[in-house]
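Scroll down for the structure; my scribbles are underneath it.
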Amino acid sequence: MIVGIDLGTTHSLIGYYSPDGPRLIPNALGSVLTPSVVAIDDQKRLLVGEAARDKLAIEPACGAGTFKRFMGTDRQILIGNQAYRAEELSAMVLRALVTDAEAHLGTPIKEAVISVPAYFSDAQRKATRAAGELAGLKVERLINEPTAAALAYGLQEKKDEATFLVFDLGGGTFDVSILEVFDGVMQVHATCGDNHLGGEDFLQALLEDVCSQWNLRLQDLPASLRAQLASRVERAKRQLSLSASATIEMKIEGRDLTWNIDEPHFAKIVDPLIQRLRQPIERALRDARLDPQQLDEIVLVGGASRMPLVSRLVARMLGRLPLRHINPDEAVAVGAAVAAGMKARDERLEEVVLTDVSPYTLGVATARLESTGRQAGGYFAPLIERNSTVPVSRVERFWPLTDMQTELRLEVYQGESPMVANNIRLGQLLLKLPPRPVQENPVDVRFTYDVNGVLQVEVSVISTGERHELFLEQNPGTLSQTEIAARFAALSAIKTHPREDLANIALMARAERLYAEHLGDARRYVQDLLARYLEVLESQNLQMIARARQQLISALDEFEGSNH
Ligand code: AMP
């Protein structure tokens with residue numbers, strides 16, 4: 001059984017290709033959305049999802065969220081006094097999803113297709129693969145998120161021929177893809193985006209606004225208050241997607257504070273972010289050589305695309321209303337489940353062919369001969385242009401700078417600037433050359449970019465026939481196989497709770513969060529509810545516990561609904 005996983009910045013989902021088509025799998029709490037948050041609780045056990053998120057709201061140091069942003073970097077994230085890398089935390093989320101899927105399907109799961117933002121770099125993709133390995137999974141394929149969304153959409157719509165644009169604004173990343181479907185073939189024509197733009201940036205902008213109106217410095221607040229404020233502002237942000245204004249009231253350092261926000265003010269403070277959405281759309285259209293009127297449909301994906309300001313910008317730029325009938329939170333995971341079905345060679349998907357593109361230009365650093373005869377370095381020589389259909393392999397011949405040069409440094413970059421200094425350096429290869437005149441000493445550089453978006457660089461020294469391969473793994477953002485093995489052992493030693501306890505643990509964490517967020521009568525009410533529930537738990541009567549749990553959930557839903 002191969003599963004499809006959407007490993008999102010704020011939420012993750014898992015699905016599979018069932019006899020009735022793609023299906024998402026609910027977690028132990030019955031939800032298909034599992035918050036991408038991990039925490040270690042008082043019993044030193046791992047919590048993932050809802051319970052971890054609620055625990056973090058009152059005790060931020062005991063866990064972490066939004067770590068997808070640090071994939072492909074060597075950033076250490078502290079939980080208690082233990083430091084983890086983003087791929088380890090992602091592995092914990094993956095493991096929780098797989099445990100849910102195994103319980104649901106009643107079969108062990110060892111293989112997965114995982115979605116990644118189309119604009120993820122080589123290091124970020126490798127980190128995602130490493131996260132899969134750390135979770136004990138063989139990552140069969142990495143699929144680009146907008147491509148996955150389009151796959152879900154294309155199959156659902158069963159259109160024979162259509163060109164559409166997928167606009168995917170998630171928690172931390174932004175991708176735009178333009179695809180064409182004809183006769184079961186789905187071809188991605190262009191993908192552009194921004195790796196560091198998403199719903200979390202809108203949250204940050206709102207937080208800064210609250211703090212400036214309340215004359216507070218966010219970093220001066222105790223961590224628990226900061227987390228509480230962030231969770232209220234997040235709710236206000238979502239409220240603004242439904243109504244014209246939102247309000248937050250909080251007591252901080254003895255002051256009763258109120259913050260009101262309406263749509264025009266929201267539009268003003270997030271305008272710089274909204275403007276950043278423009279360029280990738282324009283670039284994708286240009287690369288696909290299409291005018292907006294040649295698009296048949298516009299599909300919005302990712303939770304943050306629910307903001308009316310965002311959909312209005314898209315509608316204005318493209319001259320039509322985007323489609324809304326596809327669930328923006330689920331589309332990528334449904335597509336990943338379809339891709340898992342394709343990987344498993346499900347016969348109903350045999351007719352479906354999917355082609356994707358490379359999101360970046362990839363090339364090497366070169367020198368140019370100036371008119372004065374001087375050699376000037378630092379220029380970018382592309383080998384694979386962005387939006388080339390993958391898999392792609394290109395070869396280019398280069399010569400050393402001087403006669404009798406015995407060493408050649410080949411530096412690999414990705415990016416769109418003519419100067420390598422403005423692009424991202426992926427790695428380098430130092431080659432020995434035989435001492436010969438420049439013209440007799442060429443090297444052939446071959447770049448191969450596979451369907452998973454992983455680059456391989458091969459260099460041949462023509463005069464000697466020697467070949468070298470560049471593994472871009474020495475990058476500090478990427479774990480080596482030995483490190484993965486060591487960390488796999490350490491992660492496997494972390495204890496988890498039995499699955500049947502998870503719903504209870506999450507419920508208690510939620511009640512504790514609500515208690516911490518309120519004062520006076522409100523918190524006493526939550527405490528009473530909690531005490532009554534704990535009493536029933538003591539009884540060990542499963543039927544009574546199940547009933548009491550439902551009652552507590554309804555009471556907390558009602559409480560939360562009326563207190564915000
Ligand atoms: P992801 O889980 O990566 O798709 O992204 C979720 C992002 O969507 C988070 O930043 C959420 O704050 C944001 N989001 C989800 N629902 C809404 C909503 N109703 N209005 C505004 N933003 C939302």
Side-chain angles (χ1 to χ4, degrees), residues 5-15 24 27 31-37 48-50 52-53 56-57 65-71 86 89-90 93-94 97 114-120 124 128 144-146 148-149 152 166-176 193-207 227 229-246 261 263 266-267 269-270 273-274 276-277 299-314 322 324 326-336 564:
I5 297 177
D6 170 8
L7 187 58
T9 309
T10 55
H11 285 100
S12 295
L13 304 89
I14 187 164
L24 299 181
N27 59 25
S31 168
V32 295
L33 291 178
T34 297
S36 308
V37 181
V48 174
E50 210 80 49
R53 195 179 59 187
L56 231 63
T66 57
F67 35 80
K68 183 168 172 179
R69 296 200 146 183
F70 303 120
M71 290 292 263
L89 301 176
S90 299
V93 174
L94 289 173
L97 295 173
I114 303 181
S115 61
V116 287
Y119 227 56
F120 248 21
Q124 291 168 306
T128 307
N144 290 334
E145 287 168 8
V166 181
F167 176 101
D168 181 359
L169 188 63
T173 54
F174 171 47
D175 287 320
V176 179
D194 187 331
N195 255 338
H196 294 280
L197 177 61
E200 295 301 309
D201 298 294
F202 288 76
L203 173 68
Q204 210 51 45
L206 286 176
L207 268 171
L229 181 60
S231 93
R232 298 236 182 152
V233 174
E234 172 69 25
R235 275 200 291 270
K237 184 181 84 172
R238 289 174 186 232
Q239 181 66 34
L240 283 168
S241 298
L242 300 170
S243 53
S245 65
I261 185 150
E263 230 198 23
F266 182 45
I269 59 178
V270 300
L273 300 172
I274 294 284
R276 278 169 66 192
L277 299 169
V299 185
L300 294 187
V301 190
S305 71
R306 286 206 176 91
M307 287 183 280
L309 284 173
V310 171
S311 48
R312 243 179 274 145
L313 173 91
V314 178
R324 287 218 160 270
I326 185 159
N327 184 331
D329 296 318
E330 296 179 0
V332 171
V334 169
H564 292 288

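Please read these numbers as outputs of a predicted model, since none were measured by experiment. Numbering of ligands and ligand atoms starts at 1, following listing order.
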*asked:* Could you check whether Q124 and N195, counting side-chain N and O atoms only, form a donor-acceptor pair closer than 3.5 Å?
replied: yes
*Side chains of S12 and T34, donor plus acceptor under 3.5 Å*: no
Going by the order shown, which atoms of ligand 1 are within less than 4.0 Å of some heavy atom of [X]?
{"X": "M307", "answer": "21 (C)"}
{"X": "H11", "answer": "2 (O)"}
{"X": "E200", "answer": "10 (O)"}
{"X": "T9", "answer": "3 (O)"}
{"X": "K237", "answer": "10 (O), 11 (C), 12 (O), 22 (N)"}

Top protein contact for [atom], by heavy-atom distance:
{"atom": "atom 19 (N) of ligand 1", "result": "R306 CD, 3.5 Å"}
{"atom": "atom 6 (C) of ligand 1", "result": "T10 OG1, 3.0 Å"}
{"atom": "atom 8 (O) of ligand 1", "result": "A304 N, 2.9 Å"}
{"atom": "atom 21 (C) of ligand 1", "result": "S241 OG, 3.2 Å"}

*Give the contacting part of R238 toward ligand 1: side chain, backbone, both or neither, where contact means a heavy-atom distance below 4.0 Å.*
both
*Classify the contact between E234 and ligand 1 as side chain, backbone, both or neither, using a heavy-atom distance cut-off of under 4.0 Å.*
side chain
*Spell out, as yes or no, whether a donor-acceptor pair under 3.5 Å connects the side chain of N144 to the backbone of P146.*
no
Any side-chain heavy atom of [X] within less than 4.5 Å of one from [Y]?
{"X": "V233", "Y": "R235", "value": "no"}
{"X": "V32", "Y": "E330", "value": "yes"}
{"X": "I261", "Y": "I269", "value": "yes"}

*Could you pull out, from G199, G303, P328, the option with a heavy atom nearest to atom 14 (N) of ligand 1?*
G303
_Heavy atom to atom 3 (O) of ligand 1, shortest distance: which of G171, P308, P35, S305 holds it?_
G171
*Consider ligand 1: state whether an atom of it lies below 4.0 angstrom from any non-hydrogen atom of D329.*
no
*Taking 4.0 angstrom as the limit, do K68 and E145 come out as a salt bridge?*
yes
